[in-house]
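When reading the values below, keep in mind they use all heavy atoms of this one structure, side chains included, and skip hydrogens, waters and symmetry mates. Note that the structure is a prediction, hence the values are computed from the model and not measured. Every number for a ligand or one of its atoms is a count from 1 in the order of the listing.
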Amino acid sequence: MRHELRTEHLSLDFLRVCEAAAIAAARTMGQGDRKYSDHVAVEAMREVMDTVPMCGRVVIGEGERDEAPMLYIGEEVGEGASKNSGNHSAEIHDSFPEVDIAVDPLEGTNLCAVGANNAISVLAASERNGLLNAPDIYMDKIVVGPSSRGAIDIDAPVKDNLKAIARKLGRDIEDLAVMVLERPRHQKLIQDIRNAGARIRLLGDGDLSAGISAAVAGTNIHALMGIGGAPEGVLTAAALKCLNGEIQARLVFDQDRLMVDASKVPPKEKVINRLREMGINDPNKIYDTNDLAPGKKIIFAATGVTDGALLRGVRFFGAGKRTHSLVMNTDSRHIRFIDTVHVEGGPDVIIRF
Ligand code: VTB
């Protein structure tokens, strides 16, 4: 009989998966080779993933099967992935829970390559169909924490949203700090935020960790606004479900609006056809947290690669390494910040507090 997904049980398995990816990526920090950093994170994540007792299916991964050798969309992962390999009987395989997986083994490849803050390894999981199979295109997002839930509207003027957030937080607009990816496409957004009087933290990369920070009080970040990746939007939504935050989002495929290299954005008609194939009939739909992560049982795990607002980066020392992670799920009211010492040496190794 197939077991149902027990989030508490699998959470620590997914922690191991993120830790492995973060350690591998952190080893390459500052080497200036973002592709290599990503590659080692993917390999490490993939390897540990197969030790997780589940029948996993990648819904957000490294790309389509023909462009990604590992963690491609549709790839089956976990101990139950292949009935013919491994040491388990078919009966045991069938008992593993069915899990959908969204991964970003190295969110912020550039950040890792230059040793900048906020690179993380991330994984979200849910029961089948609990995470939107979002295309790898751009997405406009606005993310806020629990206090500002219900106050934002992605179609409203920036100033109105900031006013509403400030009111909910019991402060002035001038006291807000908004995170925005530093990109030419955000020139107007940045100007609008400045005109409204709020403060801004421009990000080189990594709007996923910024979105999580916006949902956690005490980080001194009150919102994330602007256009980043759609897959990152789904992962953010998974985290927000556990943190009671809110995201509103909409896919963006207009080359004029994106102001990125034309090779990065396929023609609009092509994208719309592709979306239709994926079951997305209204390309202008506004997604909320539950549309992006509809799952009833969601697990979210992230490990810091480089230091960040929320998580410390991997530290290496003579006899091992130390990682800092965030692990949470929608079932239990536990938000775990986990500090792990990975001991490598023998019985004389000294463990520091
Ligand atoms: C976005 C953002 C990510 O890369 O995908 C961005 O969501 C890519 O945007 O967090 P550009 O094409 O404009 O560079 C990240 O910042 C890092 O992967």
*Does I227 reach the side chain of H186, with side-chain heavy atoms less than 4.5 Å apart?*
yes
*Count the heavy atoms belonging to other residues, nucleotides or ligands that lie under 6.0 Å from CD of Q187, then report whether that count exceeds 12.*
no
*asked:* In the structure I gave you, are the side-chain heavy atoms of I338 and L12 within less than 4.5 Å of one another anywhere?
replied: yes
*Salt bridge between D192 and K159, side-chain N to carboxylate O under 4.0 Å?*
no
*asked:* Salt bridge check, K297 against E8: does any charged N sit closer than 4.0 Å to a carboxylate O?
replied: no
*Pairs involving residues 194-221, ordered by first then second residue, that meet salt bridge (charged side-chain N to carboxylate O under 4.0 Å, His left out) (sequence neighbours left out)*: K141-D207, R183-D205
_Neighbouring residues of ligand 1, heavy-atom cut-off under 4.0 Å_ = E107, G108, Y138, K141, L181, R183, R185, D205, G206, D207, G228, G229, E232, K264
